[in-house]
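Accompanying notes for the structure given below.
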Amino acid sequence: MTDKLENRIVFWTFLSPIIFAFLMVVIIPFLIGAFYSFTNWSSAARANEVLEFVGFKNFTDSFADPSFNYSFILTIIYTVINMLAINITAFLLAIFVTSKLKFRNIYRVGFFIPNLIGGLILGYIWQFIFNNAIPSLGEIVPALSFLADPRKLILANRNSAVLALVAVGTWQYAGYIMMIYVAALESVPAELHEAARIDGANVGERIRHITIPMIAQAFTITMFLTLVQSFKQFDVNVSLTAGGPSAMFMGIPLFGTELLALNIYNTAFVKLNMAMAQAQAVIFFLVLIVISMIQVSVNKRKEVEM
Amino acid sequence: MKRILTVLLILAVATTAFASGSQESDMSKDGGSVTLIQNKPEIDPQLQAYGALWAEKTGNEAIMKSVGGSSSITLGQQLRADYAAGEMPDIFIIAGIEDYKEWESLILDMSGEAWAKETSVAFKVDGKTVGCPVAVEGWGMAYNKDMLDKAGIDPASLTNYAAYKAAFEKLDGMKAELGVDSVVSMAAGPEMGWVTAHHNFNSLLSNGMAYGDQSAAQTLLDGKVDAKRLGEYADWVELLFMYADTAVLTTGNYDSQVGAFANSKAVFLHQGNWTDPNMAQANATFKMGFAPHGSMAADTDGIFVSAPSYYVINKESKNVETAKQFLNDLVFTAEGQNFMVNEAGMIPAFANVSLNPKGQLSKSVQEWSAKGKVYSWNQYLFSGDFRDQTLAPIYNQFANGAVDKAQFVELMTAAFQNR
């Protein structure tokens, strides 16, 4: 046996368990799921039901469903706001914790910790804050008395409930994104800043002309992570708002903060329409792939090589 | 060299498949085994204890599972996942005809079982008994008797809309005196669609009609709307929402809704007798009972009572006989009866059981049904999807003040017509 052959055998032998696992838990379920999206599958034991091929019916029905369309639009709006909120917060926090501060490692840990709390628990904690703690604050502080008005509860209003989702999402995820920015900021050579300072550049100019171009690679990653995270938001959505309060869309009342993932879940388990939910998941997957590929290629163009 | 690679790959695959396959082989032990899944997490510890006791006495294996509660997945979702995975339990729960249709081809005919002769509320389809009632439950307007006495209101007089309106107005003026935040504890938030679109909705379908009469529901199912009945019902919903605590109404969950009543912060509670354990937990010692709903101008002297859910047996299971024995033991042994009534606090649905539940609200339900003043549960004639996804947001809009009564009626009408 040649060395080359031996290498290849070792290579494939070590790779085979992971290929097998990948096939079994990702590729095959994905293909089965895509198959079901073209059928009338229900995962129930209804009388006289057989699996039938229905073509693109589940896809056309999905686009005719007001709640799916509404969730689609809402998710895009939510994603834009959430990406901005998380990235701006994380970037500012990163600059803050890389400056010459006392206890900066403690701050880093502190900002990162919310990311370690599960989304469901986090949602319930914040639900308590929005429904109980903030109104109580309004009762105590006269200047904030509007907070105690039960008609203006944050989670009782569609627009403020969406912003509440953004606030909680940011609180949870900004620390994680901050760590990526921290790593990138620390790799920016100090002599660039030094030279600029000698040339008379102030802090704002240095951030704009040195820091941001130098960490463009980090932006590609953070933008991608936050995009996918926002699009797939589910756990905080379930526990914080449960899709409520209701809102009117195309003359029909529906759940006002039901993001796409929750909408698909409800199609499957409340509407009990498994195949249609599967079709929606396929649409979701395709849209997410296209959007994230556009985002990555746009960001890539802005990166600079040292 | 390619052959070596293939052999290695096959080996790797085979070992993994073998390892994962061997887990399933030792599932059944000596003697029978029964797996039960039910939807009342609040009685899970008692159920586990009873399952263990039963297993010890009979030598069978008993696996008891509970799912549900306001946040976790529902029983229907769990069953679908189990069914898709080929792990359908031996005994599971259905709530009505819509659930029955979902699992029709799996459900065993139990007409010949001994317990079937002891109950009048079994789930029957085409004359066949297929569901064993879990318990009897009921809801009306739970009231705090002590506060009504203080206000000089006789709960027996609360039988129509006008009486409720007068009572609510009077109590609203006495809020400070009674120490309450609101007259009625009502919830219509996103998690509480089952209070509005299931329980309250049933007033529209069954109130004032003979037990088992489905005509009002059938008319709506046909897309025809009785404007007068719906109008009176909308008055009732408006009255409940108007005198409810806004925070509890729009964003409250089960705990805040029931808690307000249990802690004497509301005079009425729109819930059923399943809140008894919550009352005991909160040490609520005041006298309480159920009054009928006032959803009509005419008198409706009765509350909504039925078996909420039924045990059914999976006929494809290899443990059918053990499962049958489990259900009969539940009804006919002292341990089973003790579990049902004393431990789980349920109102027994079987004539041979002589124990009575301790909770005041459960007792009230028993009194109403002993008098025969009961109306049926017809909300299950509508699909869960229609109630949760179509009706619940309409109630929520009304509760949030986004639509007024006239628009509420319009939206409800449109919902029935476009169903």
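Chain identifiers are assigned alphabetically (A, B, ...) following the order of the sequence lines, protein sequences preceding nucleic acid strands; residue numbering begins at 1 within each chain.
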Do [X] and [Y] get their side chains close enough for a donor-acceptor pair, meaning under 3.5 Å?
X         : Y         : answer
Tyr233(B) : Asn200(B) : yes
Asn400(B) : Asn396(B) : yes
Asp82(B)  : Gln78(B)  : yes

### Query
Any idea which of Val248(B), Ile394(B), Thr250(B) has the most non-hydrogen atom pairs under 4.5 angstrom with chain A?
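Looking at each of Val248(B), Ile394(B), Thr250(B) in turn, Ile394(B) comes out on top.
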### Message
As an exercise: rank Glu102(B), Glu316(B), Arg387(B), Met88(B) by heavy-atom pairs under 4.5 Å with chain A and give me the winner.
### Response
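Maximum pair count with chain A is reached by Glu102(B).
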Check each atom of [X] against the heavy atoms of chain B and say whether the ones under 4.5 Å are side chain, backbone, both or neither.
X         : answer
Thr267(A) : neither
Met274(A) : side chain
Leu153(A) : side chain

Contact winner vs chain B - [options], heavy-atom pairs under 4.5 Å:
options                                    : result
Gln127(A), Met248(A), Glu258(A)            : Met248(A)
Ala247(A), Ser67(A), Ser239(A)             : Ala247(A)
Leu254(A), Thr241(A), Asp149(A), Leu272(A) : Leu272(A)
Phe130(A), Phe269(A), Trp41(A)             : Phe269(A)

### Query
Are Trp103(B) and Tyr83(B) near enough that their ring centres are under 6.0 Å apart?
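Centroid distance Trp103(B)-Tyr83(B): below 6.0 Å, so yes.
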### Query
Is the centre of the Phe408(B) ring less than 6.0 Å from the centre of the Tyr395(B) ring?
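Yes; Tyr395(B) has its ring centre under 6.0 Å from that of Phe408(B).
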Non-hydrogen atoms of chain A under 4.5 Å away: do they reach the side chain of [X], the backbone, both or neither?
X         : answer
Ala247(B) : both
Leu411(B) : side chain
Ala399(B) : backbone

### Query
Which is it for Tyr70(A) and Phe255(A) under the ring-ring contact (aromatic ring centres under 6.0 Å, His included) test, yes or no, and what are the steps along the way?
CA-CA 9 Å; Tyr70(A) 176 84; Phe255(A) 287 113; over 10 Å; no
### Query
How about Ile18(A): does its CD1 atom have over 12 heavy atoms from other parts shown lying under 6.0 Å from it?
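No, the 6.0 Å shell around CD1 holds no more than 12 heavy atoms from other groups.
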#### Entry: Note: Lys101(B)-Glu104(B) ion pair, threshold 4.0 Å (strictly below)
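The answer is no: the pair does not qualify as a salt bridge.
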